[in-house]
Peer 1: 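Handing you this structure, nothing more for now.
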Protein chains: 2
Amino acid sequence: MTRELTPKGSATRQRIIEGAAAEIREHGVAATTLDDVRTRTGTSKSQLFHYFPGGREELLLAVARYEAGRVLSDQQPQLSRLTSWRAWEEWRDVLIQRYRRQAWDCPLDAVVSQLGRSTPGAQAVLTELLNRWQGEIAAGVRAMQEQGEIDPGLDAGQAAAALLAGIQGGVVIMLSTGRLTHLEAALDVAIQHLRESRDRHPADH
Amino acid sequence: MTRELTPKGSATRQRIIEGAAAEIREHGVAATTLDDVRTRTGTSKSQLFHYFPGGREELLLAVARYEAGRVLSDQQPQLSRLTSWRAWEEWRDVLIQRYRRQAWDCPLDAVVSQLGRSTPGAQAVLTELLNRWQGEIAAGVRAMQEQGEIDPGLDAGQAAAALLAGIQGGVVIMLSTGRLTHLEAALDVAIQHLRESRDRHPADH
DNA sequence: TCTCGACTGGACTTGCCGGTCCAAATTTAT
DNA sequence: ATAAATTTGGACCGGCAAGTCCAGTCGAGA
């Protein structure tokens, strides 16, 4: 089961994954055939099945993993350092800029709407991604609470869940309508809500 | 071009649309073949192409329209009467209950993630749906502003956009992870934000 | 009752796509 | 050097699904 790959082999394998990911981002999972991937990556049928014995399904799972990784790394280093309002704003801007420049090239959508539905394996990858992401946001909320910048009575997990849902929905809406307004609104309203929580409950405990 | 349908004919046509919609909700667009629809609705190939000369694509568009209608009607009458906090809470509960009971049977996901991407026509249907939906929410916000229950300085359009994004993302996350928490969090946080806006800016103008 | 057009049934065609197979080339290890 | 293993090329197969076609049925109006 433990296939041994030479450097050349694993390079080819990686090339296939990245080519497939790009193809899927551009045309969607359903419209992406193995021949498309083959042509794009300059490989042959046998190579695809050599590196992914499980065929199309195994390749899609690998792509899901790859794209899930990109979703988070695209937001770094801002995402893991949400320890000041300035950092929050920068993170917000990173997200917005990312989609303003290249709305089409969206690993998040690829993994959520396209791949996440297909197999239990991909679903697990997606769940793991969401958990990690939400955890990072919640950590940022707690960091601000410790600094007294956010109402300590606020539920960090719930706030993070709501924010994540807003981002998710904003991206989905953007991909359907081409408008960034919902993503911006979701981020701005959520962050504003966090900032103002202190004013509502100034010194609760 | 103007086909004339007898009552029997239009009944068959409607049966096909509803059967296709159900099939798509259960198995997804990609996995739904015309033969599946045929079997489920007890029709023949020629009937499908008789009522939908454009073939699969035209059928999918009709399904998108049908499902888009359901998304809004499922939230009525609460959605169009958001004129008290009690009404807002009831609307929230309608949404949550809807998905708690039948998460799988989700016209919203069908139209957004499954159909909305396929053709420009379906995309237009989806955009129209989102506009209408957001408009209803915004109207509710303004109604509350007029009653002095929400800070009049708050941007109703932005608040509605953020809320819509949250719902959208909450549903998408639910369909991937099976957990309702994000949808609940998005709704609760957003409504709480609206309720507390008055406390932050008690008598601004 | 007759006729015309709407409606229905299902066989058939066509093309595509995932997957298999085998043989050749290339690399690695001894 | 040479054997073993990895990597590569591409022809081929089988099935499936969209779409076509034509023959037959049904129903309403003259």
Side-chain angles (χ1 to χ4, degrees), chain A residues 1-24 26-64 114-115 117-119 121-122, chain B residues 1-24 26-64 114-115 117-119 121-122:
Chain A
M1 196 87 321
T2 57
R3 270 171 279 119
E4 298 134 44
L5 295 184
T6 66
K8 187 178 180 183
S10 67
T12 301
R13 188 185 141 98
Q14 188 61 22
R15 184 160 44 98
I16 293 173
I17 292 177
E18 290 175 13
E23 200 72 25
I24 287 171
E26 289 170 23
H27 308 299
V29 182
T32 298
T33 72
L34 293 188
D35 270 340
D36 294 334
V37 176
R38 223 179 44 64
T39 302
R40 179 176 202 127
T41 59
T43 50
S44 69
K45 224 36 174 320
S46 70
Q47 294 181 60
L48 291 185
F49 284 85
H50 177 68
Y51 293 109
F52 305 94
R56 181 184 159 89
E57 184 170 325
E58 187 177 340
L59 173 57
L60 291 184
L61 181 57
V63 170
Q114 309 274 325
L115 296 164
R117 246 46 152 273
S118 40
T119 72
Chain B
M1 195 89 320
T2 57
R3 270 168 277 119
E4 299 135 42
L5 295 184
T6 65
K8 187 177 179 183
S10 66
T12 301
R13 188 186 141 97
Q14 188 62 21
R15 185 159 45 96
I16 292 173
I17 292 177
E18 290 175 15
E23 200 72 26
I24 287 171
E26 289 170 23
H27 308 300
V29 181
T32 298
T33 73
L34 293 187
D35 269 340
D36 293 334
V37 176
R38 222 178 45 63
T39 302
R40 179 174 202 129
T41 59
T43 51
S44 69
K45 225 30 175 323
S46 70
Q47 293 182 62
L48 292 185
F49 284 85
H50 177 69
Y51 293 109
F52 305 93
R56 180 185 161 89
E57 185 170 325
E58 185 176 342
L59 173 57
L60 291 185
L61 182 57
V63 170
Q114 309 273 324
L115 296 165
R117 245 48 149 272
S118 40
T119 73

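In what follows, every chain begins at residue 1, and chains take the letters A, B, ... in the order their sequences are listed. Not measured: the values here are computed from a predicted model. Worth knowing before you read on, the calculation uses all heavy atoms, side chains too, and leaves out hydrogens, waters and symmetry mates.
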Peer 1: Looking at A:Q47, does any N or O in its side chain come under 4.0 Å of the phosphate oxygens OP1/OP2 on D:dT7?
Peer 2: no
Peer 1: Could you go through the side-chain contact (heavy atoms from CB on, under 4.5 Å) check for A:D35 and A:K45 one step at a time?
Peer 2: CA-CA 8 Å; A:D35 270 340; A:K45 224 36 174 320; 4.1 Å; yes
Peer 1: To the nearest angstrom, how far is A:D35 atom CG from C:dG18 atom C1'?
Peer 2: 9 Å
Peer 1: How would nucleotides 19-27 of chain C be written as a contact map, 5' to 3', with B for base contact, S for sugar-phosphate-only contact and - for no contact, using protein heavy atoms under 4.0 Å?
Peer 2: BBB----SS
Peer 1: Quick one: list whatever passes salt bridge (Lys or Arg N to Asp or Glu O under 4.0 Å) with B:R56, sequence neighbours left out.
Peer 2: none
Peer 1: Let me confirm one number: the CD1-CG distance from A:I17 to A:L60, rounded to the nearest 0.5 Å.
Peer 2: 11.0 Å
Peer 1: Whole-Å distance between C:dC7 P and B:H50 NE2?
Peer 2: 4 Å
Peer 1: Supply the atom-to-atom distance B:D36 CG to B:T41 OG1, rounded to the nearest 0.5 angstrom.
Peer 2: 10.5 Å
Peer 1: Rounded to the nearest 0.5 Å, how far apart are OG1 of B:T119 and CG of B:L61?
Peer 2: 5.5 Å
Peer 1: Between the two ends of the helix from C:dT1-D:dA30 to C:dT30-D:dA1, what is the bend in degrees, rounded to 10 degrees, where each end axis spans five pairs?
Peer 2: 10°
Peer 1: Grab the CZ-C1' distance between A:R38 and D:dA11 for me, whole Å please.
Peer 2: 12 Å
Peer 1: Tell me whether the side-chain N/O atoms of A:T33 come closer than 4.0 Å to OP1 or OP2 in C:dC16.
Peer 2: no
Peer 1: Got a second to check how far A:T43's OG1 is from A:Y51's OH, nearest 0.5 Å?
Peer 2: 9.5 Å
Peer 1: Tell me whether the OP1 or OP2 atom of C:dA6 has a side-chain N or O from B:Y51 closer than 4.0 Å.
Peer 2: no
Peer 1: Output the distance between atom CD (B:Q47) and atom CZ (B:R15), rounded to the nearest 0.5 Å.
Peer 2: 7.0 Å
Peer 1: Partners of B:E18 by salt bridge (Lys or Arg N to Asp or Glu O under 4.0 Å), sequence neighbours excluded?
Peer 2: none
Peer 1: Check whether any side-chain N or O of B:E23 sits under 3.5 Å from a backbone N or O of B:V37 as a donor-acceptor pair, and report yes or no.
Peer 2: no
Peer 1: Would you kindly give the CG-to-P distance between B:L48 and C:dG10, to the nearest whole Å?
Peer 2: 13 Å
Peer 1: Between the protein and nucleotides 28-30 of chain D, which nitrogen or oxygen pairs are less than 3.5 angstrom apart?
Peer 2:
none

Peer 1: Considering residues at least two apart in sequence or located in another chain, which fulfil the side-chain hydrogen bond (donor to acceptor under 3.5 Å, both in side chains) criterion with A:E57?
Peer 2: none
Peer 1: Just how far is it from atom CG of B:L59 to atom CZ of B:R13, taken to the nearest 0.5 Å?
Peer 2: 9.0 Å
